[in-house]
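All remarks here apply to the structure that follows.
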Amino acid sequence: METKRLYSPKYVKEILAKYGFEFSKSLGQNFLIDGNIVRKIVEKANIGPEDYVLEIGPGIGTLTEELALKAKKVVAIELDKDLLPILDETLSQYENVEIIHGDVLKVDLKKIIEEKLDNKRVKLVANLPYYVTTPIITKLLESDLNLDSIIVMVQKEVAERMGAKAGGKEYGSLSVFVSFFSQAEIIINVPKTVFMPQPKVDSAVIKLDIKKELPDIDRDKFFKVVKAAFSKRRKTLLNALSSYGFNIDK
């Protein structure tokens with residue numbers, strides 16, 4: 001007999017009804033209900049039996065389950081305490097999964113990787129809430145974590161900005177920031193129809209392969225110049241920098 005998979009819309013509705021769960025708009029909750037997309041994410045993330053995986057926002061465990069079937073160990077960080085009893089049930093058969101209740105922007109990720117993931121090189125996988133995508137990506141890239149790659153589902157428009165190459169209209173300070181730390185590539189386009197509830201916009205999965213060596217420069221100054229340069233696209237670079245607080249003599 002085939003086991004129920006968590007991406008079945010019927011099963012998602014059943015389990016949510018059982019626990020009286022209601023989606024939180026403020027937490028940007030949209031659960032994946034398409035098995036093809038779930039399997040494709042894990043396949044493109046290249047997860048194998050020796051891999052340690054950190055997941056952000058497991059929801060009811062749809063993607064977590066697929067990761068658990070392939071990886072050595074999965075640690076998932078979930079903010080919504082109402083989802084914890086659901087995850088206890090949906091992932092009960094997977095001994096290689098551990099759920100941590102917490103806010104990814106506040107927890108000590110370095111400590112979690114050291115203590116829960118044997119301080120191994122980790123692949124991070126997540127379906128990120130739209131409203132907090134950039135702060136999470138910023139923390140992940142700036143925190144000097146032992147990450148091999150970051151595979152995240154984000155709003156399509158944000159993915160395009162993250163992976164944009166110089167010269168295009170999507171290219172901006174976020175593109176420069178991401179390319180400083182990683183090689184970015186959009187690997188899957190995801191229609192809004194594969195979520196419950198359905199968001200207003202389409203998504204995309206982007207893979208960031210973390211660079212092992214970074215330029216030895218003053219990062220604060222570099223990113224300040226980049227932010228200033230892109231803040232006033234219609235102005236000359238000199239005027240953009242001047243109006244951003246750089247005291248530059250013409």
Side-chain angles (χ1 to χ4, degrees), residues 1-45 47 51 53-71 73-104 123-133 136 150-156 158-159 187-207:
M1 190 182 81
E2 193 183 0
T3 53
K4 280 182 184 172
R5 294 306 299 272
L6 298 180
Y7 44 65
S8 152
K10 184 172 178 284
Y11 183 60
V12 173
K13 284 176 183 167
E14 276 175 17
I15 195 92
L16 297 183
K18 178 180 173 181
Y19 285 89
F21 179 83
E22 290 183 9
F23 290 96
S24 164
K25 268 193 175 176
S26 67
L27 293 178
Q29 289 171 334
N30 303 94
F31 297 164
L32 254 179
I33 51 167
D34 186 302
N36 289 327
I37 301 286
V38 171
R39 287 189 295 272
K40 204 181 273 187
I41 291 170
V42 176
E43 182 191 314
K44 294 275 192 181
I47 305 295
D51 285 321
V53 179
L54 183 62
E55 187 190 8
I56 299 167
I60 65 160
T62 311
L63 187 54
T64 325
E65 177 182 54
E66 193 67 26
L67 291 165
L69 289 166
K70 297 278 194 292
K73 182 166 185 193
V74 182
V75 169
I77 301 167
E78 178 52 60
L79 175 59
D80 188 349
K81 69 179 190 312
D82 292 341
L83 284 168
L84 301 181
I86 297 177
L87 287 162
D88 272 349
E89 177 175 335
T90 58
L91 300 171
S92 60
Q93 63 181 306
Y94 301 102
E95 291 179 5
N96 60 337
V97 174
E98 184 173 346
I99 306 296
I100 293 173
H101 178 225
D103 181 344
V104 71
K123 292 179 177 178
L124 186 135
V125 183
N127 172 15
L128 293 179
Y130 294 156
Y131 78 100
V132 78
T133 296
I136 291 176
I150 296 172
I151 299 93
V152 286
M153 173 128 55
V154 297
Q155 193 172 329
K156 191 178 181 193
V158 176
I187 51 176
I188 314 168
N189 285 309
V190 185
K192 56 190 172 206
T193 50
V194 302
F195 294 97
M196 180 191 298
Q198 194 170 304
K200 291 187 172 72
V201 293
D202 291 330
S203 299
V205 179
I206 189 162
K207 184 172 191 239

query = Looking only at atom types and distance, does a side-chain atom of T133 sit under 3.5 Å from a main-chain N or O of P129, one as donor and one as acceptor?
reply = yes
task = Report the distance from atom CD1 of I60 to atom OH of Y11, rounding to the nearest 0.5 Å.
result = 7.0 Å
Side-chain donor-acceptor pairs under 3.5 Å in residues 38-45, sequence neighbours left out?
from : atom 1 : to  : atom 2 : distance (Å)
R39  : NH1    : Y7  : OH     : 2.8
R39  : NH2    : N36 : OD1    : 2.7

message = If I take atom CG from residue L124 and atom CG from residue L54, how far apart are they, to the nearest 0.5 angstrom?
response = 5.0 Å
message = Determine whether Q198 and T193 satisfy the following criterion, side chain to side chain contact (heavy atoms under 4.5 Å, CB included), listing intermediate values before the conclusion.
response = CA-CA 6 Å; Q198 194 170 304; T193 50; 4.1 Å; yes
task = Please confirm whether the backbone N or O of P197 pairs with a side-chain atom of N30, one donor and one acceptor, at under 3.5 Å?
result = yes
inquiry  = Using modelled atom types and a 3.5 Å cut-off, is there a donor and acceptor pairing between side-chain atoms of S92 and backbone atoms of E89?
reply    = yes
Residues which pass side-chain hydrogen bond (donor to acceptor under 3.5 Å, both in side chains) with Q155, listed by chain and number, not counting sequence neighbours = none
query = Would you say Y94 and V74 make side-chain contact, with heavy atoms under 4.5 Å?
reply = no
Full working for side chain to side chain contact (heavy atoms under 4.5 Å, CB included) between T64 and V53 = CA-CA 9 Å; T64 325; V53 179; over 6 Å; no
ask   = Do L32 and F195 touch side chain to side chain, with heavy atoms closer than 4.5 Å?
value = yes
Lys/Arg N to Asp/Glu carboxylate O, K18 vs E14, below 4.0 Å = no
message = I206 and side chain to side chain contact (heavy atoms under 4.5 Å, CB included): which single residue from V152, I188, V158 fits?
response = V152
query = So, do K156 and V201 sit near enough that their side-chain heavy atoms are less than 4.5 Å apart?
reply = no
ask   = Does the side chain of L27 reach to within under 4.5 Å of the side chain of V132, using non-hydrogen atoms?
value = no
query = If every non-hydrogen atom of F21 is compared with every non-hydrogen atom of D80, which pair is closest and at what distance?
reply = CE1-OD2, 3.5 Å
request  = State the CG-CG distance between L67 and D51, to the nearest 0.5 angstrom.
outcome  = 10.0 Å
key: From CZ (R5) to CG (L69), nearest 0.5 Å   = 5.0 Å
ask   = Any side-chain heavy atom of I47 sitting closer than 4.5 Å to one from K123?
value = yes
key: Check: A71 main-chain N/O paired with N96 side-chain donor or acceptor under 3.5 Å   = yes
query = Rounded to the nearest 0.5 Å, how far apart are NZ of K81 and CG of L84?
reply = 9.0 Å
task = Measure from the side-chain N and O atoms of E78 to the backbone N and O of L83, and report whether any donor-acceptor pair falls under 3.5 Å.
result = no
query = Less than 4.5 Å apart, any side-chain heavy atom of T62 and any of N127?
reply = no
query = For K207 and I151, which heavy atoms make the closest approach, and how far apart are they?
reply = CG-CG1, 3.8 Å
ask   = Do H101 side-chain atoms and L79 backbone N/O form a donor-acceptor pair below 3.5 Å?
value = yes
request  = For residues F31 and L6, determine if any side-chain heavy atom of one lies less than 4.5 Å from a side-chain heavy atom of the other.
outcome  = no
query = Under a 4.5 Å cut-off applied to non-hydrogen side-chain atoms, are N189 and D202 in contact?
reply = no
query = How many angstroms lie between atom CG of D88 and atom CD1 of I99, to the nearest 0.5 angstrom?
reply = 8.0 Å
